[in-house]
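Data first, discussion second: the structure below is written as structure tokens.
Heavy-atom basis, side chains included; hydrogens, waters and symmetry copies ignored. Chain naming here is simple, since letters A, B, ... match the order of the sequence lines and numbering starts at 1 in each. Just so it is clear, the model here is predicted, and its values are computed rather than measured.
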Amino acid sequence: MDYQLLADLLFPNVTETPADVEAKYPRRELAEGAKVTRFAPSPTGFVHFGGLFPSTIGERLAHQSGGVFYLRIEDTDAKREVDGAAEGLIHTLAHYGIHFDEGAVIGADGTITDKGIYGPYRQSQRGPIYHVFAKQLVSEGKAYPVFTTKEELEALNAVDKKAEIKAKDWHEDQTAQREAMLKAREITIDEVKENLAAGNPFVLRLLADGDPEKKTPFTDLIKGKLEIPENDEDFVLLKSDGIPTYHFAHAVDDHLMGTTHVIRGEEWLPSLAKHIMLFRYLGFRLPKYLHIAQIMRLDENGNKKKLSKRDMGANMDDYSRMGYDPDCVCEYIMTLLNSNYEEWHMQNADKPYTDFPFNIKKMSSSGCLFDFDKLNDVSKNVISRMSAAEVTEKVTAWALQYDPEFGAQLAKDKAFTESIFAIGRGGKKPRKDLATWADAKPYMGFFFDSKQIDAYPEQFKHSDIKAALQGFLATYDEADDMNTWFEKVKAVAREIGYCDDMKAYKQSPESYAGSIADVSMFLRVAVTGKLNAPDLYTVMQILGKSNTVCRIESMIERLD
RNA sequence: GGCCCGUUGGUCAAGCGGUUAAGACACCGCCCUUUCACGGCGGUAACAGCAGUUCGAUUCUGCUACGGGUCACCA
């Protein structure tokens with residue numbers, strides 16, 4: 001077989017050599033140890049949690065080492081592509097603080113443009129580059145074409161691959177595939193000419209020389225030492241439309257773009273042998289690999305399942321809707337990525353997570369379950385450290401978008417709103433009431449809306465409650481300091497025969513009708529409408545005298 | 001079904017041949033406290049199983065079980 005002739009027949013228009021292409025993409029000049037990483041999504045939908053994970057790792061590794069982090073759009077499957085998905089991906093990533101030095105970026109006009117000299121950064125625009133290397137492989141006898149008629153191709157595209165594969169008898173199918181593959185390898189120049197003349201499309205397959213009985217030792221930066229069987233499958237390099245498969249694009253692009261570390265999900269582990277073979281065939285140096293474990297969820301039977309796009313907590317845009325701050329989500333991701341992050345953070349509470357010395361060795365090799373409890377806890381901590389002004393701004397912005405009525409109330413008097421969020425904030429032990437911005441309304445909505453009122457516990461006589469409320473109003477003075485205010489509440493308690501000292505009350509609760517705690521509760525419900533609320537004195541101060549008195553008076557009326 | 005990866009409390013996880021097997025979340029109890037939140041103290045709870053190597057295995061090896069992934073002209 002004259003391979004050069006075959007190559008010319010298959011790729012008559014390709015005149016460049018690999019060396020020509022290499023010359024256009026010079027090696028990056030980077031400091032020792034600098035890592036070049038990338039995020040390479042296919043634009044088939046929104047960013048999901050499992051995608052933010054590797055991109056965070058890539059961003060950290062690159063930027064922490066003085067390297068480059070770039071975005072490459074893997075749009076080699078036109079059938080699955082979703083309009084606008086690429087733009088959405090970039091926006092969502094930016095929302096979570098993931099910024100790219102290079103690659104496909106949103107230009108000033110809102111459309112995607114290339115930034116950097118290693119482009120194009122959209123694989124659909126790199127066709128000619130792939131063909132140069134494909135031709136090279138053919139000319140070396142390392143790849144060969146497999147023709148189909150257009151009718152066969154249509155039939156192929158019509159079947160539901162997933163369903164078909166699931167129903168397969170594996171053994172039988174693999175034997176048949178193997179036979180077909182071996183037969184296809186024996187194509188002759190004449191057959192190629194005939195097919196070409198007939199206008200039949202072809203796929204280009206790699207001629208695999210591996211023996212699966214032989215294992216190649218391989219070290220993955222996360223999984224550690226692995227043994228992978230050599231590849232013996234003549235996998236597809238170029239699809240019949242001339243577009244490369246993931247495998248081929250991965251090898252060519254990551255080589256030309258100078259990727260030093262490939263970060264991807266562990267579902268790629270089974271095809272690693274293919275990639276190793278491809279890099280060898282092409283004479284490329286293999287990058288380092290980090291195969292990260294999948295994020296899991298619990299299915300209805302209690303089994304772990306890969307967190308898929310439709311699951312609760314998968315779509316990153318849902319987190320915005322639920323009111324999670326991106327900083328909180330990033331923080332949570334860091335705790336999942338590096339087990340020592342929390343410890344570091346406790347000692348460096350004032351530093352941003354980007355100061356954390358991210359370490360590949362600390363990454364877990366097994367998949368973790370997504371845990372909202374933990375996310376909420378992390379969020380509460382992050383938010384508790386924010387200033388009242390920051391919380392005000394963020395809650396308002398969130399509410400304006402997702403709860404406009406509430407948002408308008410918050411925005412109406414910014415200083416008032418901020419004074420509410422200032423309660424218990426700023427000290428050594430700040431309150432932790434909010435995990436999400438959506439928690440704000442149940443927490444402090446009573447400042448704006450006095451219609452929701454909790455019922456008083458049944459054991460208290462309305463006459464007592466009423467007497468307490470009236471007694472309080474009789475001496476209430478907004479100018480009182482907290483101690484004076486509380487002394488007055490105590491006096492009210494005594495007047496209605498309740499104990500004004502908790503220690504004494506606990507000694508013999510049966511001696512009293514109730515305690516100072518109950519009197520406080522009478523007032524709290526009247527003022528806030530709730531059994532539980534932040535410090536009552538402060539609430540009254542913020543609410544102001546007329547509001548406070550008005551609420552108590554209307555409660556007195558209700559009790560009549 | 002073949003191949004690959006994984007398995008420490010409910011969850012996330014330290015550990016890297018000798019430990020009373022950390023810590024965080026969740027849960028429970030107590031304390032603080034006019035409620036809540038915060039904070040403090042304490043508690044329940046784990047090395048999947050079986051062999052082997054070893055003076056000694058959570059740690060090394062093998063097998064089994066369970067879980068996950070993959071086997072497309074998808075990524």
| task | Flag as yes if Tyr246(A) stacks onto the base of A75(B) (centroids under 5.5 Å, planes under 30°), otherwise no. | result | no

| remark: Of the candidates C74(B), A13(B), C5(B), the side chain of Thr245(A) sits closest to C74(B)

| Ring centroid separation for Tyr246(A) and Trp268(A), is it under 6.0 angstrom? | yes

| Can you tell which of U35(B), C3(B), A75(B) lies closest to the side chain of Arg80(A)? | A75(B)

| task | Rounded off to whole Å, could you give me the CD-to-P distance for the Glu233(A) and U70(B) pair? | result | 15 Å

| message | With rounding to the closest Å, how many angstrom separate the C1' atoms on C12(B) and G6(B)? | response | 16 Å

| field | Qualifying residue, where the test is side chain to side chain contact (heavy atoms under 4.5 Å, CB included) with Pro534(A) and the options are Thr528(A), Ile423(A), Ile420(A) | value | Ile423(A)

| said: Please classify the nucleic acid contact of Lys362(A) as base, sugar-phosphate, or nothing, using heavy-atom distances under 4.0 Å. | reply: sugar-phosphate

| field | Helical stems, RNA chain B - three or more consecutive Watson-Crick or G-U wobble pairs below 3.5 Å | value | B:1-7 with B:65-71, B:10-12 with B:23-25, B:27-31 with B:39-43, B:48-52 with B:60-64

| request: Can you tell me, in whole Å, how much space there is between the P of A46(B) and that of C55(B)? | output: 31 Å

| field | Phe279(A) ring center near His250(A) ring center (under 6.0 Å) | value | yes

| said: Tyr537(A) vs Asp480(A), test: side chain to side chain donor-acceptor pair (under 3.5 Å). Steps then yes/no. | reply: CA-CA 10 Å; Tyr537(A) 172 78; Asp480(A) 287 341; over 6 Å; no

| remark: Taking A75(B), A24(B), C4(B) as options, the one with an atom nearest any side-chain atom of Lys215(A) is C4(B)

| When you measure from the side chain of Met296(A), which nucleotide among A37(B), G68(B), G6(B) comes out closest? | G68(B)

| task | For Ala208(A) and Arg185(A), work out which heavy atoms get closest and say how close. | result | O-NH2, 3.2 Å

| query | Can you tell me if the side-chain N/O atoms of Gln177(A) get under 4.0 Å from OP1 or OP2 in A72(B)? | reply | yes

| remark: Among the nucleotides A37(B), C74(B), U70(B), whichever has the atom closest to the side chain of Arg431(A) is A37(B)

| Does Asp75(A) pair with Arg122(A) as a salt bridge, N-O distance under 4.0 Å? | no

| task | Please determine if a side-chain N or O atom of Lys429(A) lies less than 4.0 Å away from the OP1 or OP2 oxygen of G40(B). | result | no

| query | Ile423(A) has an atom CD1; how far is it from atom C1' of U35(B), in whole Å? | reply | 14 Å

| request: In whole angstrom, give the distance that lies between atom CG of Asn340(A) and atom C1' of C12(B). | output: 13 Å

| query | Using a cut-off of 4.0 Å on non-hydrogen atoms, how would the nucleic acid contact of Thr148(A) be classed: base, sugar-phosphate, or nothing? | reply | base

| said: Rounded to whole Å, how long is the line connecting atom CH2 of Trp268(A) with atom P of C74(B)? | reply: 11 Å

| Nearest to the side chain of Pro270(A) - U70(B), A13(B), C3(B)? | U70(B)

| request: Would you confirm whether the ring centroid of Phe202(A) sits within less than 6.0 angstrom of the ring centroid of Phe147(A)? | output: yes

| field | Nucleotide-resolved protein contact map, nucleotides 25-34 of chain B, B/S/- at heavy-atom distance under 4.0 Å | value | SS------BB

| task | Would you mind reading off the distance between Lys223(A) atom NZ and G69(B) atom P, rounded to a whole angstrom? | result | 12 Å

| message | Counting the atoms with a prime plus P, OP1 and OP2 as sugar-phosphate, which does Ser42(A) contact under 4.0 Å by heavy atoms, base, sugar-phosphate, or nothing? | response | sugar-phosphate

| What orientation do Phe522(A) and Phe460(A) show, parallel under 30°, tilted 30 to 60°, or perpendicular over 60°? | perpendicular

| field | Ser384(A)-Asn381(A) side chain donor-acceptor pair, cut-off 3.5 Å | value | no

| query | When we call it a touch if two heavy atoms are under 4.0 Å apart, what does Leu226(A) touch: a base, just sugar-phosphate, or nothing? | reply | sugar-phosphate

| request: To the nearest Å, give me how far apart CD (Gln294(A)) and C1' (G67(B)) are. | output: 14 Å

| message | Between Thr76(A) and A75(B), is there a contact of a side-chain N or O with OP1 or OP2 at under 4.0 Å? | response | yes

| said: Pick the closest RNA chain B nucleotide for Pro430(A) and for Lys239(A) by heavy atoms, then say which residue is nearer the 5' end. | reply: Pro430(A)

| said: For a quick check of understanding: with a heavy-atom distance under 4.0 Å over all strands, which category does Val236(A) fall into, base, sugar-phosphate or nothing? | reply: sugar-phosphate

| Only one of Tyr332(A), Phe49(A), Tyr319(A) forms a ring-ring contact (aromatic ring centres under 6.0 Å, His included) with Tyr324(A), so which one is it? | Tyr319(A)

| Quantified in whole Å, what is the C1' atom distance between nucleotide A75(B) and nucleotide C63(B)? | 36 Å

| message | Just the rounded figure in Å: distance from P of C36(B) to CZ of Phe446(A). | response | 15 Å

| message | Just to be sure I understand the rule, does Gln174(A) reach a base, reach only the sugar-phosphate, or reach nothing, if contact means heavy atoms closer than 4.0 Å? | response | base

| field | Asp253(A) side chain to Tyr130(A) side chain, donor-acceptor N/O pair below 3.5 angstrom | value | yes

| note | Residues at least two apart in sequence or cross-chain that pass side-chain hydrogen bond (donor to acceptor under 3.5 Å, both in side chains) with Tyr353(A), listed by chain then number, are none

| request: Starting from the 5' end of RNA chain B, give me the residue, Ser364(A) or Leu269(A), whose nearest nucleotide shows up first. | output: Leu269(A)

| task | Could you measure between the two P atoms, the one in A14(B) and the one in G52(B), and give it in whole Å? | result | 30 Å

| said: Tell me the interatomic distance from Phe421(A), atom CZ, to A37(B), atom C1', rounded to whole angstroms. | reply: 14 Å

| Is there a donor and acceptor pair, one atom on the side chain of Arg205(A) and one on the base of C73(B), closer than 3.5 Å? | no

